*Asks:* 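My structure is below; once you've seen it, I'll send some questions.
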Amino acid sequence: MRVSDVVQHADLSIWAEAALVLFFAAFMVTAIRAIRVDRRETEAMAATPFDDGDGVEHERRPSGEGASR
Amino acid sequence: MSEAINSESVAVSGSGAGAGADEGSRHLDEFRYDDGIVRLFTWATLGWGIVAFLVGIILAVQLAWPKLNFLPEIAFGRLRPLHTNAAIFAFAGNAIFAAVYYSTQRLCKARMWSDTLSKLHFWGWQLIIVSAALTFPFGITQGKEYAELEWPIDLAIAVVWVGFFGVNFMMTLVKRRQRHLYVALWFYIATIVTVAILHVFNNLWVPVGLYELFTTGSVGSIDQLMKSYPVYAGVQDAFMQWWYGHNAVAFFLTTPFLGLMYYFLPKAANRPVFSYKLSIVHFWSLVFIYIWAGPHHLHYTALPEWASSLGMLFSLMLWMPSWGGMINGLLTLRGAWHKVAVDPVLKFFVVGITFYGMSTFEGPMLSIKTVNSLSHYTDWTIAHVHSGTLGWNGFMTFGMAYWLAPRIFQSGRLYSDKLATMHFWIATIGIAFYILSMYAAGVTQGLMWRAFDANGQLAYPSFIETVTRLEWLYWIRALGGVMYLAGAVIGLWNIYKTWTMRPPTYDEPVIKAAPLAPVFQDEPTPQSRLGANTNLGHKGDVWLQGRWHRRLERMPLRMTFWVIVWVSVASLFEIIPTFLIRSNVPTIASVQPYTPLELAGRDIYIAEGCYNCHSQMIRPIFSEVKRYGEYSKPGEFIYDRPFQWGSRRIGPDLAREGGAQSSFWHYLHFENPRQVVPGSIMPYYDHLIRQELDFGAIQSRVNAMAMLGVPYGEAVTNAEAMARAQAQAVADEIEGQGGPDGLENRKVTALIAYLQRLGVDITKPPPAPETTEDRTAEPTLDPSTMEDPVEPGEIDEVDRMDDILGGPEGGE
């Protein structure tokens with residue numbers, strides 16, 4: 001028996017639908033993670049490019065703007 | 001390998017959320033960034049950019065003024081791969097590397113892991129580009145768009161990309177001094193991993209020359225040594241190619257430039273990215289969705305319908321994360337738009353990101369089948385590609401180069417902001433000229449191809465009518481290209497002058513940073529906030545608090561692993577059914593392998609780059625069937641290695657070219673296309689009439705094909721004699737039709753034999769088992785069988801494909 005024999009009879013007609021379900025699940029996980037992350041954490045992460053030892057201070061956004069989202 | 005030049009013990013305090021160094025009292029490492037490698041890649045970016053744009057202009061002028069194809073080496077078919085490869089892998093590629101080397105060191109607070117690997121990467125990549133420039137003009141190509149480079153260069157790419165670049169990058173992450181991996185690094189990881197996967201699996205081939213070397217002990221010529229055939233054939237080759245082709249756009253021209261955007265835009269605007277949360281969703285969505293979208297390049301072709309629909313659906317979904325990224329980029333400038341008015345760097349970035357938004361809106365739109373039925377094979381696609389490459393990649397690259405120049409050359413400032421602004425405006429207007437003229441040309445082509453008159457006949461039955469109508473648009477296109485090139489030359493001059501302002505020796509400041517603690521004290525796992533609940537509920541609540549992803553962002557190898565999983569799952573969902581469900585590619589009993597001479601002719605077709613202008617795929621659309629004949633079936637391509645479906649029609653489709661014209665007509669057409677088709681813009685191919693065919697090379701090519709499973713029968717031992725016999729028959733036929741004598745050993749004869757074979761097998765009854773021998777001894781040029789196209793239903797497999805494709809009326 002060859003692999004193609006197995007796949008031939010595996011009824012893969014739902015693979016396209018399964019792909020969408022898979023994506024939706026993955027997207028939800030990512031979105032939940034992104035939404036629930038602590039605001040201070042994202043501010044610190046977003047500031048990473050400015051912490052490279054070049055000595056230039058970056059602008060900080062007013063409270064409630066930008067990286068806090 | 002160690003880049004630390006000194007260290008001192010100090011007390012280091014942690015920086016809260018993990019963006020900075022680890023907590024604890026430890027020593028500080030001292031090290032220097034390697035900006036020398038950034039300087040090299042920046043110069044290479046600008047230099048190769050000029051080459052790519054210049055070749056593009058030559059191609060544009062060739063379309064409007066075909067006499068410019070005065071040498072075979074610079075004819076359109078051979079030059080176009082040079083242009084696309086130079087723009088993608090030389091210009092954009094070097095820009096990616098400059099961005100990665102500059103930003104990765106700073107985001108990791110570490111010098112690149114190995115200076116030696118950095119240099120090997122630079123010089124290896126430039127050698128690959130030079131190899132492309134030396135092989136394409138001489139017709140050494142695999143004949144697959146954006147993957148034309150032949151097997152030795154493919155191997156070099158794998159070594160340089162993975163062995164030099166990938167290892168150096170990953171080891172720098174491992175040795176970093178910044179615990180958190182900034183989002184730009186995620187995009188770089190996805191780029192390196194996915195491009196490696198795409199490149200390897202799309203470039204599985206059997207090298208003819210090596211096969212000949214092992215079997216005979218010698219190789220006849222450089223051409224023969226470089227020649228290879230892919231392990232995939234027909235539909236499967238097409239699927240793999242566009243899985244690769246689309247994702248080369250995704251992971252070579254998109255994800256690394258998004259990494260570039262997430263680093264250089266905040267630096268240039270001096271403001272953090274608008275929303276880091278959005279960047280997380282942007283990254284994972286893009287990585288997951290992009291890989292599915294490739295089949296939208298093959299709508300209405302012989303690709304199974306389910307794969308095509310899946311590609312369309314995911315392409316539409318791709319719109320959302322793409323625009324999420326664009327919005328995140330543009331809103332980073334919220335409150336700082338006044339800077340855009342005076343800063344040319346930000347001007348380039350804003351327009352580049354805007355082009356990203358336009359391209360990623362247009363891409364999903366073009367993937368919708370009804371839109372695609374109009375746009376595919378037309379210049380609309382060319383406009384789309386150029387708005388992405390020149391607008392998104394080009395402008396982001398120039399913005400980065402202008403921002404980098406004063407820093408890496410330590411000149412204190414850019415030589416001239418005015419010149420940079422002039423570059424910006426000339427290039428912007430140039431792109432507008434370019435893409436608007438190509439939109440107009442594309443829509444004109446698409447509408448003319450499908451137009452019917454009041455009697456139900458094609459309104460423009462002669463293809464040349466749709467060609468000559470576009471000439472003025474090609475001139476405007478060339479003008480736009482000249483303006484874009486002029487801007488790039490100004491940019492090169494400006495950066496050269498900035499370089500002249502450099503100090504006598506570059507200062508290499510010492511950076512101090514604490515190494516990562518061997519054991520990271522992570523924050524405690526959060527507690528469930530639920531009251532009375534099941535154990536599963538508590539676990540779910542803890543998981544939903546997202547600490548697991550926070551940890552993932554500190555673990556480059558685990559992040560890489562999940563990117564590989566993401567990309568692989570998406571790929572396998574499409575690849576496994578395409579390759580392993582036999583009904584996806586039903587065979588047609590009458591379709592037989594190419595004869596040895598036809599195979600040699602096919603190799604000439606590939607070498608001359610005919611696929612750059614001619615498709616071999618008649619879609620099941622009424623206007624196409626009316627113009628070209630019976631629509632193409634998957635089973636017709638099972639011996640096509642590589643497939644030659646093409647992606648545009650500067651000239652007509654050739655899928656049913658066999659028997660459509662006499663062999664003498666083809667001879668005259670190759671000698672000078674305009675003597676049989678007035679107004680044609682096809683290059684001269686008179687060199688094929690003068691050059692002799694290397695009959696001695698045919699046997700190895702047949703044997704290599706046989707090794708791949710092509711049932712060649714007697715040809716495995718007698719290919720040369722069979723080819724000579726068929727060549728004599730074709731030459732006699734041409735002479736009999738009024739042509740010259742003595743063509744039996746010329747390349748043009750093999751090419752004509754191949755063209756006369758195209759699409760005729762489906763009209764024949766299934767042959768007896770020995771037919772390969774019979775047909776090669778007696779060339780199948782019987783016009784009586786060619787004038788009676790098969791009716792759907794005569795062949796069982798055709799019926800089955802009607803079920804899959806939904807019949808011949810689709811799309812209209």
Side-chain angles (χ1 to χ4, degrees), chain A, chain B residues 15-20 103 105-107 109 178 180 182-184 262-263 266-267 270-281 284-285 288-289 292 306 309-310 313-314 317 331-332 334-336 509 511-513 544-546 548-550 553 566 569-570 573 576-577 579-583:
Chain A
M1 178 177 283
R2 301 193 312 181
V3 176
S4 58
D5 294 324
V6 176
V7 177
Q8 189 73 21
H9 295 93
D11 188 14
L12 300 180
S13 58
I14 62 161
W15 273 42
E17 291 86 343
L20 287 174
V21 171
L22 189 63
F23 165 74
F24 185 72
F27 179 80
M28 289 306 296
V29 167
T30 310
I32 288 168
R33 146 65 186 151
I35 290 166
R36 297 182 71 94
V37 69
D38 185 81
R39 174 178 152 179
R40 288 167 303 170
E41 284 188 24
T42 58
E43 286 181 345
M45 294 174 197
T48 308
F50 301 99
D51 185 24
D52 61 2
D54 64 1
V56 179
E57 287 293 319
H58 70 277
E59 296 174 15
R60 295 185 66 84
R61 287 197 175 84
S63 177
E65 190 186 339
S68 62
R69 290 174 191 278
Chain B
S15 55
S103 59
Q105 295 185 82
R106 284 154 175 86
L107 290 171
K109 283 202 175 79
Q178 180 82 0
H180 174 71
Y182 182 66
V183 67
Y262 277 116
Y263 180 80
K267 293 289 281 187
N270 207 22
R271 294 166 64 83
V273 65
F274 170 69
S275 169
Y276 202 79
K277 292 180 178 181
L278 186 54
S279 71
I280 296 171
V281 180
W284 284 113
S285 302
F288 193 83
I289 296 177
W292 301 78
W306 67 267
S309 294
L310 196 62
L313 190 58
F314 272 89
M317 290 161 61
L331 288 184
T332 297
R334 207 167 72 139
I511 311 295
K512 294 181 180 179
L544 283 173
Q545 292 181 50
W548 54 272
H549 193 283
R550 186 75 189 86
E553 292 161 16
W566 241 218
V569 166
F573 257 84
I576 289 175
F579 277 70
L580 295 178
I581 297 181
R582 291 189 209 107
S583 61

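Just so we're on the same page: letters track the sequence lines, and every chain starts at 1. As the structure is a computational prediction, the values presented were derived from the model and not from experiment. The figures that follow rest on heavy atoms only: side chains count, while hydrogens, waters and symmetry mates do not.
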*Asks:* Can you give me the closest heavy-atom contact between B:Val281 and A:Ala31, atom names plus distance?
*Replies:*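 Residues B:Val281 and A:Ala31, closest heavy atoms: CG2-CA, 4.1 Å.
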*Asks:* To the nearest 0.5 Å, what is the distance between CZ (B:Arg106) and CZ (A:Phe50)?
*Replies:*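 Answer rounded to 0.5 Å: 14.0 Å.
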*Asks:* Using the test ring-ring contact (aromatic ring centres under 6.0 Å, His included), find all partners of B:Tyr182 that sit at least two apart in sequence or belong to another chain.
*Replies:*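 B:Tyr276.
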*Asks:* List in chain and number order the residues that pass side-chain hydrogen bond (donor to acceptor under 3.5 Å, both in side chains) with B:Ser279, two or more places apart in sequence or in another chain; answer none if no residue qualifies.
*Replies:*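 Once residues adjacent in sequence are excluded, B:Ser279 has no partner under the side-chain hydrogen bond (donor to acceptor under 3.5 Å, both in side chains) criterion.
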*Asks:* Take B:Val183 and A:Met45 through the side-chain contact (heavy atoms from CB on, under 4.5 Å) test and state the conclusion after the steps.
*Replies:* CA-CA 8 Å; B:Val183 67; A:Met45 294 174 197; over 6 Å; no
*Asks:* Determine yes or no for a side-chain-to-main-chain donor-acceptor pair under 3.5 angstrom, with B:Lys277 supplying the side chain and A:Thr42 the backbone.
*Replies:*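 Not confirmed, B:Lys277 side chain does not pair with A:Thr42 backbone.
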